[in-house]
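Quick notes on the structure that follows.
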Protein chains: 2
Amino acid sequence: MLLILYIRRSIADFLKADQRKNERGAMKLPDDLQSEQAFTALLAALRMGKLRSSEFHTMPALAEALGFPVAATREAIKRAEAQSLVEVLPKRGFVIMSTGPETTRACMDMRAALEAEGVRRLLSAGRPALSHLRATHEALLDEARTHPGADLSRRALATDLSLHDFMAGGLDNIFLRQAYEANRNRITVIQNARAFLPDRVIPAMEEHLAIIDAIDSASAEASVIEIERHLRQTLRWWGISAVG
Amino acid sequence: MLLILYIRRSIADFLKADQRKNERGAMKLPDDLQSEQAFTALLAALRMGKLRSSEFHTMPALAEALGFPVAATREAIKRAEAQSLVEVLPKRGFVIMSTGPETTRACMDMRAALEAEGVRRLLSAGRPALSHLRATHEALLDEARTHPGADLSRRALATDLSLHDFMAGGLDNIFLRQAYEANRNRITVIQNARAFLPDRVIPAMEEHLAIIDAIDSASAEASVIEIERHLRQTLRWWGISAVG
DNA sequence: ACCTATCATGTAACATTTTACAAAGGATAG
DNA sequence: CTATCCTTTGTAAAATGTTACATGATAGGT
């Protein structure tokens, strides 16, 4: 009798706790842990170029720079290492990922492969809306040809990203998307090392428009061909051979 | 916020150290760190079913089971979380990944997508040798049809894996291979939850032989079709609809 | 009026997370 | 080659939060 009462009570407590958990889960912010914050801070530092490729750093220095204790910084480093963003040198420190030819080729190749898959899925699901993407690309191309503004490169990078993210948006699979996201972080580091030079804007936008046309023609094969052409041109611009 | 990073060593010093590191890098990562050992132990426990899907565990308990201190175990858990092998519940413990329909579908779908890409690359590189794979598959199929042995399921799983690994072997990209490997670990957990029943052996081997035939015909399109058919049949066998 | 089930509050045990410190390994300078 | 300093790595303990349980109060029914 008493036992039954205890069990009922326990279940009620659990349900109450679970409900509270769900309420907070809906708030989409379950992470106030320091290691999480340190990791996002590390990502931000990587993204805005505060930490650049092939730099050597020590853990206390990074902790000071990020404003987190060393233990949290350590966890963040370990997590970044799992995504190949940094490489820890045992008993010495760590280096930001290199952006040598092999790494750059691998990152860009992976991006192209996943985006090709994204486009295949996009097209098998229906006819995607491309008018907005095409418009922004044509506007940027026109500006680059006639009256290039001051921060053209920055906006070109944003426009570039919009198409790539659109194609990756076809990846209706949480794990494929995770893999794409991790690769996207690596590419951020690469793009901080290899600037988007103004001379590259026009050909890049032309290649992008070719991709958009191919997607608009609803041909997955044609789209993949244009994606791969864009990959080859990007690597050629950086002086990297297309094959390992 | 001003972010100041101190680079303690000169570039020349770093390069010297890096060169030495590369020399040692040929020695294939001599990792005697406890956290590495704990992670591989965790992976082994997952692989041999000592830890099963959706189980709740606490860190001290796992540390005791694995024979490592809690700190190293914690690092291993964190790393496993980054690969979606476990989910940590803050301040409570962690659960092994669920093998519900969505997760199972995502893992299998990702495997099929990456293997399809692997086959495309394999075929664009040349004519792969398939005689050994075909022989082992036909032998197993023949045994399953005529005189099934005791540990047929176990050997079927191994043969199954041999083809999947062969296709993934075409992934000549370190990051794509990394993503495949992480997904492979997740599938291990799934396969411990969803047994490879004897009745599945014959149809699975037939589907595999169809894939082998398609690859042998040097047609990437035909191969992809067979890979996707195998995916659909596997999901159907587990009672999971093919679309989310 | 008494008994009982439900709810609320507080407390103790337990696990994670953080902080602090000792140990071990490697690099630098003389 | 050796001594010293600096860094990572490992260990322990404090702190923070969560869960389960116990006690007491309240409302409703007999």
Side-chain angles (χ1 to χ4, degrees), chain A residues 1-25 29-39 55-81 86-95, chain B residues 5-21 23-24 27 30-39 55-81 86-95:
Chain A
M1 193 54 152
L2 215 64
L3 184 67
I4 293 175
L5 198 130
Y6 290 159
I7 291 177
R8 286 179 56 86
R9 188 83 287 281
S10 298
I11 291 176
D13 281 345
F14 169 72
L15 289 180
K16 202 165 54 179
D18 192 53
Q19 194 166 9
R20 192 168 49 202
K21 187 77 185 159
N22 284 343
E23 287 170 8
R24 203 191 303 176
L29 205 118
D31 272 346
D32 51 348
L33 291 93
Q34 277 186 320
S35 55
E36 292 293 327
Q37 296 180 27
F39 182 68
E55 281 178 353
F56 177 86
H57 291 285
T58 152
M59 230 166 258
L62 183 68
E64 172 111 7
L66 260 44
F68 284 93
V70 289
T73 306
R74 173 189 160 84
E75 294 235 2
I77 293 290
K78 287 289 195 180
R79 196 159 143 190
E81 186 194 21
V86 307
E87 178 189 5
V88 333
L89 313 176
K91 300 280 188 184
R92 274 181 290 172
F94 65 95
V95 290
Chain B
L5 291 170
Y6 294 98
I7 303 179
R8 307 299 285 268
R9 287 172 171 70
S10 69
I11 293 179
D13 285 342
F14 163 69
L15 290 180
K16 198 165 59 179
D18 191 54
Q19 193 167 9
R20 183 169 350 175
K21 175 82 168 62
E23 289 169 8
R24 203 191 308 176
M27 290 164 61
D31 265 344
D32 52 348
L33 290 93
Q34 277 186 322
S35 54
E36 291 292 328
Q37 295 180 30
F39 182 69
E55 282 177 354
F56 176 86
H57 288 284
T58 83
M59 231 165 258
L62 183 68
E64 172 108 10
L66 259 47
F68 284 95
V70 290
T73 306
R74 173 188 161 84
E75 295 234 3
I77 292 291
K78 287 289 195 180
R79 198 161 145 190
E81 186 194 22
V86 306
E87 178 189 3
V88 337
L89 311 176
K91 300 280 189 184
R92 271 184 291 169
F94 64 95
V95 292

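Please read these numbers as outputs of a predicted model, since none were measured by experiment.
- Between A:P60 and A:V70, the shortest heavy-atom distance links the atoms CA-CG1, 4.1 Å.
- In this structure, A:K78 places its NZ atom 17 Å from P of D:dT7, rounding to the nearest Å.
- The NE2 atom of A:H57 lies 9.0 Å from the CD1 atom of A:I77; values are rounded to the nearest 0.5 Å.
- Summarising the geometry, the separation between CZ on B:F56 and C1' on D:dT19 is reported as 10 Å, rounded to the nearest angstrom.
- Look at CG on B:L33: it is 11 Å from P on C:dG26, rounded to the nearest Å.
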Is there any protein nitrogen or oxygen under 3.5 Å from a nitrogen or oxygen in nucleotides 11-15 of chain C, and what are the pairs?
residue : atom : partner : partner atom : Å
C:dA15  : O3'  : B:R92   : O            : 3.3

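- Here the P atom of nucleotide D:dT8 and the CD atom of A:E81 are 13 Å apart, to the nearest Å.
- When all heavy atoms of A:A38 and A:A76 are compared, the pair lying nearest together is C-CB, 3.9 Å.
- Closest heavy-atom contact between A:R92 and A:F56: O-CZ, 3.6 Å.
- Put simply, CG on B:L89 is 13 Å from C1' on D:dT19, counting in whole angstrom units.
- Here OG1 of B:T73 is found 10.5 Å from CD of B:E64. Values are rounded to the nearest 0.5 Å.
- To the nearest 0.5 Å, the span separating CE on A:M59 from CG on A:L66 amounts to 12.0 Å.
- No salt bridge links B:E81 with A:R79; every basic N to acidic carboxylate O contact stays at or beyond 4.0 Å.
- At whole-Å resolution of the value, CZ in B:F94 and P in D:dT19 are 17 Å apart.
- Non-hydrogen atoms lying under 4.0 Å from DNA chain C are contributed by B:R74, all within residues 62-75 of chain B.
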Please evaluate residues A:K78 and B:K78 with respect to the criterion side chain to side chain contact (heavy atoms under 4.5 Å, CB included), reporting the C-alpha separation (whole Å), side-chain torsions for both, the decisive distance (0.1 Å), and the verdict. CA-CA 9 Å; A:K78 287 289 195 180; B:K78 287 289 195 180; over 6 Å; no
